[in-house]
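Right, one structure below, let's go through it.
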Amino acid sequence: MTNLEITWVLAEIADLLELGGENPFKVKAYRQAVRVLHHLPEPVAVMAQRGELAKLPGFGKTIVATVKELLSTGTCTSLARLREEVPAGLREMLAIPGLGVRSIRTIYSHLGISTLAELEQAAREKRLRTLPGIGTKSELTVLRNIEMFRQQHGRFPLGVALPFANQLVAEVRTLPGVERAEIAGDVRRGEEMVETARIVVGADEPDRVLEVIAGHPQAARDTVREGPSISFRTWMGLAVKVTVVSRKDFIWEWFLATGSRAHTNRVAEMASGNRIPPNRLNSGSFLQEEWEIYSLLGLPYIPPEIRENCGELEAAKDGSLPELLLPENIKGDLHIHTMWSDGLNTIEEMAKAAYAMGYEYLAITDHSHSLAIANGLSVERLQEQWEEIRDLNRQNLGIRLFTGVEVDILADGRLDYPDEVLAQADVVIASIHSGFRQEAEKITTRIEGAMKNPHVDIVAHPTGRMLGRRRPYDIQIERVLDLAARTGTWLEINAFPDRLDLCDKHARQCKDMEIPIVINTDAHDVNRLQEMLYGVITARRGWLTVDDVMNTRSFDQITRVLGAKGKKK
DNA sequence: GCCGTTTTCGGCCCGACTGTTTTCAGTCG
């Protein structure tokens, strides 16, 4: 069992205990264990083999026993018991923003409601508002958020689906007779929410490969064999489809399975005048690589991330296809956290990890004072931290560190540090962590105010959305983009896979408006620095090139532009 | 459930916003 799978079990236990009215601190203990596992640099199975589980913070007798049971049997008796006691639907309700444990328990005890469908019906029939502590506004919020939940239902963030697909494809490649196996579908195109993780395999004897995959331990339910494909859901619920064809059909199948449907349909249309069977070249030999399909049509290769039928074929025809950003173009990360606020590693550890990734620079941008839950820095602690950064720079770590802050845009629109403090930082990021639900005018004005401040370089996670969990703030994005273009404020693509904020569409709008983009991980530990990849994928989906992204610049270049920015009007 | 003891119990990141109230509880980050 992977760390991720174990966190899912522990998180479910926490939720069910909470719904069952257990001691909140017991619940928190499980949640803490989930947090620790999320940040663990190695498989927990390996730690278990070394007998080191109990060394993990927050891992006592019970949680160690639970993890051991999962690792050895794949099951969990305490979870099984809880599932019998607490209706599964109540846990689904926890995913509805605005509904917490107390409200769910009230609804369950008064109305006997234990499924989302019943909840929705009761809200429509205006029965929720009759309950103590629930009024008309809450009832409407519930209805709106059920709708959001349904739209996401059964989909998983790219951050979950991509690692899974990578692992599956690596396993399939080891099977006898498999010549080639590749990720296709939503995952290959980098869609932020994945409906189905698709794999395409080219093999000698497709049937034999399909049989083996049918027995894959992750093929937990809904397994269906249909023609050359097998579909199943992992026990987490992620839909998977593996298609196995002969080697000669591989490239065409891979292309079709990658989609999008709108893109492949148009390509097929363009090719229909061409009497060659789709898996062959003019010469009669079989396709060896995907670019040959485009080449047959006289087009350059079109990267999967922009195969959405939104101008890519036209651009390919007239030679204006952009040369998309690559992960190796990124020279530094300008938004990370350390133990000074709510991060898990020291500045030095983060710096060394960033150096190991080949970066030239890293900005240390911990939270500001008002974000108490994240241990935000007072002005005094901020100055102390900057001293440490200057010390580290003198030690010549091979990577240059920028002093910085992620300063809160407070609910009334003020910034959480005075201008004279901001003026001293190399990098100032402004972002919102409170008052998410303010009305459009108010919250837009807040962000505009921050952008007008001459010391603010970057606005981080500009829309505030959390995929599948939280809607964007009610901001007027056009106004924000407009002002960013005028003030030269950089807008962030936050690479954290639950955020991806800005999204691909907004990134493309920024490109059109010549607004500088910066891709940051917002990493709270050394592992999460690796999530830069998700930001790069989002940027590629937004058609961004090296020129559009500021942290592709060298240390000297970025120092120069950051230095010049302090004078913006 | 975990931790760290002035060891076997008592405490466990805090503060703001929202919607429900009519002085506060629930939710969220």
Side-chain angles (χ1 to χ4, degrees), chain A residues 9-11 13-37 53-67 76 78-79 82 93-108 128-145 337 339-344 366-378 381 406 408-414 416 431-439 442-443 446 460-461 464-466 469-471 473-474 494 496 498-499 501 522 524:
Chain A
V9 172
L10 297 178
I13 293 176
D15 285 352
L16 296 184
L17 286 173
E18 194 174 20
L19 287 164
E22 258 290 359
N23 174 2
F25 294 108
K26 191 166 167 177
V27 175
K28 209 162 114 187
Y30 281 96
R31 300 238 161 94
Q32 171 62 14
V34 168
R35 226 172 96 88
V36 169
L37 285 186
L53 285 185
K55 286 188 189 165
L56 290 170
F59 278 56
K61 229 166 83 180
T62 310
I63 291 180
V64 166
T66 306
V67 172
C76 176
S78 58
L79 176 59
L82 281 166
M93 290 185 208
L94 268 185
I96 308 296
L99 271 189
V101 172
R102 294 303 290 266
S103 308
I104 292 170
R105 284 168 64 86
T106 304
I107 292 167
Y108 180 51
L128 296 186
R129 64 180 66 177
T130 65
L131 300 177
I134 298 177
T136 52
K137 282 208 166 179
S138 301
E139 194 176 67
L140 281 169
T141 308
V142 166
L143 266 181
R144 275 176 24 136
N145 287 330
H337 297 272
M339 283 166 70
W340 280 84
S341 64
D342 60 348
L344 295 172
D366 276 307
H367 290 290
S368 61
H369 192 221
S370 287
L371 207 62
I373 193 173
N375 192 23
L377 273 59
S378 64
R381 287 183 63 222
E406 180 180 13
D408 246 65
I409 305 171
L410 301 173
D412 62 6
R414 285 178 305 121
D416 200 18
S431 62
I432 284 183
H433 292 99
S434 61
F436 300 110
R437 280 169 287 185
Q438 287 173 349
E439 54 153 14
K442 194 165 180 191
I443 200 159
R446 273 167 80 192
H461 41 77
R465 72 167 182 176
M466 295 290 254
R469 282 189 283 149
R470 192 170 77 204
R471 298 163 173 279
Y473 321 131
D474 198 9
N494 191 289
F496 182 50
D498 288 8
R499 287 191 184 267
D501 178 15
D522 200 354
H524 284 62

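All values below come from the heavy atoms of this structure, side chains included, with hydrogens, waters and symmetry mates left out. So that the names make sense, note that chain A is the first sequence line, chain B the second, and so on, each numbered from 1.
- Distance check: A:Asp522 CG to A:Phe496 CZ gives 8.0 Å after rounding to the nearest 0.5 Å.
- Here A:Pro97 lies in heavy-atom contact (under 4.0 Å) with sugar-phosphate atoms only.
- Residue A:Ser370 is out of contact with every strand shown, counting any heavy-atom pair closer than 4.0 Å.
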Handout entry: side chain to side chain contact (heavy atoms under 4.5 Å, CB included) evaluation trace for A:Thr62 with A:Tyr30
Key = CA-CA 10 Å; A:Thr62 310; A:Tyr30 281 96; 3.8 Å; yes
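- Every residue two or more places apart in sequence or in another chain that forms a ring pair (Phe, Tyr, Trp, His ring centres under 6.0 Å) with A:His461 is listed here: A:His433.
- One interatomic measurement links the two molecules: NE2 of A:His433 to C1' of B:dT27, which rounds to 17 Å at whole-angstrom precision.
- Residue A:Ala374 is out of contact with every strand shown, counting any heavy-atom pair closer than 4.0 Å.
- Atom CD of A:Gln438 and atom P of B:dC17 are 8 Å apart (whole Å).
- Residue A:Ser138 is in sugar-phosphate contact alone, with no base atom involved, counting any heavy-atom pair closer than 4.0 Å across all strands shown.
- Between A:Thr136 and A:Ala29, the residue anchored nearer the 5' end of DNA chain B, judged by the nucleotide with its closest heavy atom, is A:Ala29.
- Straight-line distance from the CG atom of A:Asn375 to the P atom of B:dC13: 12 Å, rounded to whole Å.
- Counting non-hydrogen atoms under 4.0 angstrom, A:Val101 reaches the backbone sugars and phosphates but no base.
- Within the 4.0 angstrom heavy-atom criterion, no nucleotide atom of any strand lies near A:Leu371.
- For B:dT8, there is no paired nucleotide, since no Watson-Crick or G-U wobble pair has both relevant distances below 3.5 Å.
- Between the side chains of A:Asp408 and A:Ser370, no donor N or O sits under 3.5 Å from an acceptor N or O.
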